[in-house]
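Read the numbers this way: they start at 1 and go in the same order the structure lists the ligands and their atoms. Keep in mind that what you see is a predicted model, and the values were worked out from it rather than measured.
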Amino acid sequence: MAYRGRFAPSPTGALHFGSLVTAVASCADARAHGGEWLVRIEDLDRPREAPGAADGILRTLLALGLRWDGAPLFQSRRAAAYEEALARLGALGLTYPCACSRTEIARNGRRGSVGPIYPGTCRHGLPPGRQPRSIRLRTSPAPVQFRDRIQGEQRQDVAAVMGDFVLRRADGIHAYQLAVVVDDAWQGISQVVRGADLLASTPAQCLLQQALGLPTPTYAHVPLAVDAAGRKLSKSLASAPVDPADPMPALRRAWAWLGQTPGPTPTSPADFWRHATRAWRIERVPALTRACIAPDP
Ligand code: GLU
């Protein structure tokens with residue numbers, strides 16, 4: 001299958017170093033394979049969106065020589081496709097309405113590695129007098145297995161680890177898990193390279209792909225950049241936005257972070273990408289999360 005990769009930022013703030021690492025890894029991997037690289041703006045969660053962030057991220061990518069193929073896809077325009085997928089899952093008997101609030105689930109659910117495990121309260125029908133809030137996927141116990149190109153063999157029983165997860169939230173917003181699966185398939189993505197914070201979500205996405213009869217891409221999860229205290233660098237942490245006016249230090253730092261061998265010091269983004277396309281070796285990317293507060297190489 002032809003290589004098609006993507007970078008899928010959520011526009012909750014400026015592009016920061018952690019996202020840049022993912023963008024550089026996914027773009028370098030696509031270009032090294034002679035593949036295409038698409039950008040998708042994951043702007044489903046309008047209340048969390050920072051005004052102007054999507055534009056800012058796109059402008060910063062261009063300033064850093066990260067040129068995407070085609071037009072960026074905006075998830076906010078894809079609600080009909082997510083509804084259609086929900087309807088298909090519904091027709092297969094794989095969804096059900098749920099009345100539980102977050103507080104109730106936190107109170108009644110066991111704690112799993114990715115948050116409280118849904119205790120199944122509404123699985124066999126809404127409790128009397130309760131109104132539907134969200135829609136969930138009915139999961140069944142069975143391990144999902146895949147081989148991550150960086151993190152190696154993975155195996156997870158989604159029913160045990162997450163339980164029946166949300167496909168459409170109480171506020172009507174389609175859940176990330178559903179949207180990402182629908183869009184990766186619709187855009188023909190064959191290779192997903194993204195942050196390791198999403199490694200634990202991947203089995204849920206594989207389950208949805210299987211249920212919807214969609215292909216499963218190959219995955220590679222890049223180590224997370226965390227701050228000195230070990231916290232994930234989030235885009236809302238405006239402390240270290242990448243400066244589009246001074247692209248070279250950030251590009252060099254991202255390259256070193258990814259364990260790649262530096263070439264002769266690049267003087268421009270175009271120069272950097274000429275080297276990166278030839279020199280990229282995914283085998284060199286370290287599997288583990290590390291603190292990113294390091295001096296420029
Ligand atoms: N939108 C997600 C983020 O910004 C990434 C989703 C993905 O790559 O699957 O963390």
Side chain to side chain donor-acceptor pair (under 3.5 Å) pairs, two or more places apart, involving residues 85-95: none

Parallel, tilted or perpendicular: ring planes of His33 versus Tyr3, cut at 30 and 60 degrees: parallel

Distance filter under 4.0 Å to Val180 heavy atoms, resulting ligand 1 atoms: 9 (O)

Ligand-side contact atoms (ligand 1) for residue partner Arg6, heavy atom cut-off under 4.0 Å: 7 (C), 8 (O), 9 (O)

Check: Trp255 ring centre within less than 6.0 Å of Phe272 ring centre: yes

Distance filter under 4.0 Å to Ser10 heavy atoms, resulting ligand 1 atoms: 1 (N), 2 (C), 3 (C), 4 (O)

Arg194 neighbourhood, listing ligand 1 atoms whose heavy-atom distance to it stays under 4.0 Å: 7 (C), 8 (O), 9 (O)

Close-contact set for ligand 1 against Pro9 heavy atoms, below 4.0 Å: 4 (O)

Short side-chain donor-acceptor distance under 3.5 Å, Tyr82 and Asp183: yes

Donor + acceptor pair across side chains of Arg6, Ser190 (<3.5 Å): no

Residue-ligand contact Tyr176/ligand 1, heavy atom below 4.0 Å: yes

Mode of Thr22 contact toward ligand 1 - side chain, backbone, both, neither (heavy atoms, under 4.0 Å): neither

Using atom types as modelled, flag every donor-acceptor pair under 3.5 Å from a side chain in residues 49-62 to any protein atom, sequence neighbours excluded.
from, atom 1, to, atom 2, distance (Å)
Glu49, OE1, Arg46, NE, 2.8
Thr60, OG1, Gly56, O, 2.7

Ligand 1 to Asp197 polar contact by distance, N or O atoms, under 3.5 Å: no

